[in-house]
Amino acid sequence: MILLEETFIEIECCQRIKTGESVCGDDFRSIRLDDESRCISVLSDGLGSGIKDSLMASMTTSMVLRFVSRDMEIIPSAEIIMDTLPVCEVRKISYATFTVADILANDRVRIIEMDNPPYIHLRDGEDVQWEKQTVFSAAWPDRKLNLSKFKAVPGDRIIFFSDGVTQAGLGHSIAKFGWKRQGCLEFVQNIIKREPNISARDLSHSIVAQACTKNPGFSCIDDISCTVIYFRKPRHIRLLTGPPFRNDKDRDFAKTVLDFNGRSVICGGTTAGIVGRELNREVRTDLRLRGGGLPPISTMKGIDLVTEGILTLTETDRQLELDNRQQSAPLAAAKLIELLQESDVIEFIAGTRVNEAHQDPSLPVDLEIRRNIIKRLKTVLENKYMKKVTIKYY
Amino acid sequence: MTKKKVKVEICVGTTCFLLGASKLQEMERFLPPDLTGRVEVQGTACLGCCRNDNFGSAPFVKVDDTDVIANATLEKVINRVRRSLNL
Ligand code: FES
């Protein structure tokens, strides 16, 4: 995810592997060129499936990313790609198709498509069809490239997929001719009507899941990939943790949860107590909301989540750093992770008063000081989850 | 007439949680039969006692809004509840 000026661009690709194969024959890659406020995403589909196809697809995405980021001419770039890839014996065309979304500063978008199903650009629920310029190389006249350009506005979504989506169900009774672009479009329009703010992640997952339902036994008769790019206003979250170093700052500290356009979280019982006292709000700890070895969750009016501090933050950081995170984080950490993942801009408001009791040698675990955990969280959220994170100490 | 209930607040702050409150929070399941329905078990954030040497050591449990039990165990809490109920 990246933040380009005031629009936040969320990019997600959901993929499922063809039933019976062990690798995905579609490849998706996205890079951000920070100094240029530019982001390039490529989805490529090799012909067929399995390891060979997977290699072709990943060669294609790497080449495309390189050429596009260096602003090379399109036709010569496409020629290099097609000359490099082997040619399919039967179909006499080279082994890959692709869609590139090149998002430049000010939300200017350039889409280049080569034989993937045509992309969808949704604006206010409508399928905007931009004029496309078709070009091709003299050496490969069968391979047409379609180019389109437009300026995105907040709320826009760009959706593109491999033919595993459009051809879902092909030849089977429910959707004899496949789901097609039209079927997918109607499905997406319906979802957006119900859930106008659905994230790119949820939408791409829903599309892929729906494509599978068209196939017999919900299987994947081909690799299925769907990329969703969502231009939206950034979602903010503010997380208060730790009592302020000086007591006379309690009031200012507590007031940071007021007049804030976003979600707020408090991690720390003492912290919650301070906010509750200063704002005259009751903190309730519900013992039913415990689980997974972390202290239970509490509730306070106007606050989206109230948890214990150090243990919960430490576990949250541990989970976020795991490469293959299972869905089994303890309740408080799971809730916190969900909120953080759904946000784009995260502000930590960290009180720095140290709780001496945490240094007690009889404690069965070593408790880290809050500042260090917050710094680690910042690093992982920025580097792995592409969030914009700030820390303010009190 | 409904019988009197004793309020038991278990501190689930970081220190207490690590030193035994994680077990104590399950106490409702371990109450002897004569006490079932007579105890109202709640959680509470750090009571502040863990930072004060005068209180003894964690975990802390508060009973009847007034009395804080240090080094709390299931047994100690049950005895204290019995005392409140004159059992
Ligand atoms: S954590 Fe229980 S009294 Fe501080």
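Only a predicted model underlies this, so the values are computations on that prediction, with no experimental measurement involved. Chain naming here is simple, since letters A, B, ... match the order of the sequence lines and numbering starts at 1 in each.
Both the backbone and the side chain of B:Gln25 come within less than 4.5 Å of a heavy atom of chain A. Proximity to chain A (any heavy atom under 4.5 Å) is shown, for B:Ser22, by neither the backbone nor the side chain. Interface residue A:Leu367: only side-chain heavy atoms are found under 4.5 Å from chain B.
No option in A:Lys392, A:Arg238, A:Lys388 other than A:Arg238 meets the side-chain hydrogen bond (donor to acceptor under 3.5 Å, both in side chains) test with A:Glu347. When the options B:Arg80, B:Lys62, B:Arg83 are evaluated for a side-chain hydrogen bond (donor to acceptor under 3.5 Å, both in side chains) with B:Asp67, the one that passes is B:Arg80.
Using a 3.5 Å distance cut-off with no hydrogens or angles, the side chains of A:Arg318 and A:Thr314 do not pair a donor with an acceptor. Inspection of the A:Ser343 and A:Arg263 side chains reveals no N or O donor paired with an N or O acceptor under 3.5 Å.
For A:Asn261, the CG atom is loosely surrounded, since the number of other residues' heavy atoms within 6.0 Å does not exceed 12.
Counting heavy-atom pairs closer than 4.5 Å to chain B, the top residue among A:Gly269, A:Pro295, A:Gly293, A:Pro296 is A:Pro295. Contact count against chain B (heavy-atom pairs under 4.5 Å) is highest for A:Asn355 among A:Asn355, A:Ile310, A:Val283.
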